[in-house]
Amino acid sequence: MWQTDFGITKEGEKAHRFLLTNNRGMCVELSDFGALVLSVYVLDRHGRNRDVVLGYDNLTDYYEQDTGFGAYIGRNANRIAGAEVTIEGTKYLLDKNDNQNNLHSGFNRSHHKLYSVKNGKDDVCEFVQMERYSPHMEQGFPGNLKQTIRYSLTDKNEFIIDYEMLSDMTTVVNPTNHSYFNLDGHNSGTILKHYMEIYSGQILEIGNDMIPTGRIIDISDTPFDFRKRKQIGKDIDADNPQMKIAGGYDHNYIFQNDRKLRKVAKLYGADSGIGMDVYSDLCGLQFYTGNFLNGQIGKDGAVYKKRSGVCFETQFYPNSCNTSEFPSCILPAYKVFKSRTIYHFFTEYI
């Protein structure tokens, strides 16, 4: 297990980088600062290594930019309407950091915290495990929450993220990872020529405030239908009211709420030949095409313009803590929450 310094946090604590490797030339670089995914190196069809996630070279850039590159998002991913939630009869007020709503748990970001680290190797692969206690009322949520995020890399080129959460009060728990993928390389331009599949026939309708209205849309014959492989750029600027609200794709696809691990999406880089299958055991997938990137300077001086990367945010539905019709992200006190996301990499010719 390779480890080196990454920088000093605003609190004066030393942060580190960690490297997971496998026997197929793949490696994943992580940090205990923010439980960040810093880099994912995969061999392309020509045997060349490509870093396929966007990010920064320096720790300070992760403070100063609001992109969420590589971030562990907790306690709650996505939006909460009105920046408030009522749990067991008590109303909790949250940060209004997205107009009148709460986005990714507010200003006190989970990916600006330092996590304790355990690393090692189990029967299958190497892992790096990040842990942190989020104190009662941090980000406005009740309960002392133990957060465990384990990153593993198998010899099958599976990058696995396992979440385990436990609170001493009933609270909101809806974590995700916010890595931006570009399978032609983080510095290769936009993802518009990437090919996509998403194995869902429904999305949540959103209002102008990006909050789900509660209506479920059948995506047949719409720009959102990726059940058959197509390029991301084919319909991204279509004359569709939902697309116009988000400036592209930034919508939640619906899956069965049975907590079974299933393949939910597939991404393919046409230049590199690198493909990625996405697996999740949650009922929602927020598919986001980097619509708000605007020229951030990233690793190796790369310029990340609009739509330079795509996110697959496995999670409960947005605002599910306030919508009784949705599968709930409210976690009862002392009940353990577990979830797994897998990004499986391969090469393919199409």
Using the side chain to side chain donor-acceptor pair (under 3.5 Å) definition, which of the options K263, K266, K230, R229 pairs with E197? R229

Decide yes or no on side-chain hydrogen bond (donor to acceptor under 3.5 Å, both in side chains) for T314 and T341, but give the supporting numbers first. CA-CA 7 Å; T314 57; T341 299; 2.7 Å; yes

Least distance between heavy atoms, C321 atom then I330 atom: CB-CD1, 3.9 Å

Joining Ile, Leu, Val, Met, Phe, Trp and Tyr whenever any side-chain heavy atoms lie under 4.5 Å apart, the cluster holding I297 also takes in V303

Do T60 and N58 have a side chain donor and acceptor closer than 3.5 Å? no

Under 4.5 Å between side-chain heavy atoms, hopping through other hydrophobics if needed: is there a path connecting Y163 to V173? yes

If two hydrophobic side chains count as joined below 4.5 Å and joins carry through other members, does Y268 share a cluster with Y41? no

In terms of hydrophobic clusters joined by side-chain contacts under 4.5 Å, are L285 and I342 together? no

Between D250 and Q286, a side-chain donor and acceptor under 3.5 Å: yes

CA sep, side-chain torsions, deciding dist, call: H251, F224, ring pair (Phe, Tyr, Trp, His ring centres under 6.0 Å): CA-CA 9 Å; H251 296 77; F224 296 95; 4.6 Å; yes

Residues K260, D281: salt bridge by 4.0 Å N-O rule: no

Anything under 30° is parallel, anything over 60° is perpendicular, the rest tilted; go ahead and classify H344 against Y279. tilted

Regarding E313 and N78, is there a side-chain donor-to-acceptor distance under 3.5 Å anywhere? no

Dump the intermediate steps for side-chain hydrogen bond (donor to acceptor under 3.5 Å, both in side chains) on Q147 and Y72, then the final yes or no. CA-CA 11 Å; Q147 306 166 97; Y72 155 64; 2.7 Å; yes

CG/D122: more than 12 non-hydrogen atoms of other groups inside 6.0 Å: yes

Looking only at side chains, do H136 and N144 share a donor and an acceptor under 3.5 Å apart? no

Y133 OH: over 12 foreign heavy atoms closer than 6.0 Å: no

Considering all heavy atoms of both residues, which atom of P318 and which atom of F326 are nearest to each other, and what is their separation? O-CE1, 3.8 Å

Nearest heavy-atom neighbours spanning R109 and L103: NH2-O, 4.1 Å

Check this for me: D239, atom CG, are more than 12 non-hydrogen atoms of other residues, nucleotides or ligands nearer than 6.0 Å? no

Aromatic centroids of H104 and H178 separated by under 6.0 Å: yes

Would you say V278 and L183 are hydrophobically clustered, going by side-chain heavy atoms of ILVMFWY under 4.5 Å? yes

Side chains of R75 and S134: donor-acceptor distance under 3.5 Å anywhere? yes

List the steps and the verdict of salt bridge (Lys or Arg N to Asp or Glu O under 4.0 Å) for D98 and R79. CA-CA 8 Å; D98 184 57; R79 291 172 172 85; 2.9 Å; yes

Taking only residues two or more places apart in sequence, or in another chain, which ones meet E158 in a salt bridge (Lys or Arg N to Asp or Glu O under 4.0 Å)? none

Report yes or no: do S110 and R132 form a side-chain donor-acceptor pair below 3.5 Å? no

Intermediate values then yes/no, ring pair (Phe, Tyr, Trp, His ring centres under 6.0 Å), F226 and F287: CA-CA 11 Å; F226 283 93; F287 173 51; 5.8 Å; yes

For residues N22 and N157, is any side-chain donor paired with an opposing acceptor at under 3.5 Å? yes

All salt bridge (Lys or Arg N to Asp or Glu O under 4.0 Å) counterparts of D57, not counting sequence neighbours: none

Could you work out, with side-chain contact (heavy atoms from CB on, under 4.5 Å) as the rule, every residue matching N76, not counting sequence neighbours? I80, S105, F141, V172, N174, C329

Heavy-atom pair with the smallest gap, counting every atom of M165 and T148: CE-O, 4.1 Å

Under a side-chain separation threshold of 4.5 Å, the hydrophobic residues clustered together with L43 are none

Distance-only side-chain donor-acceptor flag, K299 / S39, under 3.5 Å: yes

SB check R307 D237 (cutoff 4.0 Å): yes

Decide, yes or no, whether a salt bridge links K146 with D168 under the criterion of side-chain N to carboxylate O below 4.0 Å. no

So, N102 versus D95: side-chain donor-acceptor pair below 3.5 Å or not? no

Using a strict cut-off of less than 4.0 Å between a Lys/Arg side-chain nitrogen and an Asp/Glu carboxylate oxygen, indicate whether D271 and R50 qualify as a salt bridge. yes

For the pair F181 and F312, name the ring-plane relationship: parallel under 30°, tilted 30 to 60°, perpendicular over 60°. tilted

Applying the 4.5 Å side-chain criterion to the ILVMFWY set and letting contacts propagate, would L153 and F18 be lumped into a single cluster? yes

Minimum heavy-atom distance between S179 and V37, given as atom pair plus value: OG-CB, 3.7 Å

Under 4.0 Å between a side-chain nitrogen and a carboxylate oxygen: does that hold for E29 and R17? yes

Could you report the tightest heavy-atom contact between A246 and I206, atom names first, then the distance? CB-CD1, 4.4 Å

side-chain contact (heavy atoms from CB on, under 4.5 Å) between I232 and K234, worked out: CA-CA 6 Å; I232 293 174; K234 182 177 186 295; over 6 Å; no

Going by chain and number, the hydrophobic cluster around F6 (ILVMFWY, side chain to side chain under 4.5 Å) further includes F33, L36, L38, L54, Y56, L59, Y62, Y63, F69, L114, Y180, Y288, F292, L293, Y304

If the threshold is 4.0 Å, N to carboxylate O, is there a salt bridge linking R340 and E164? no

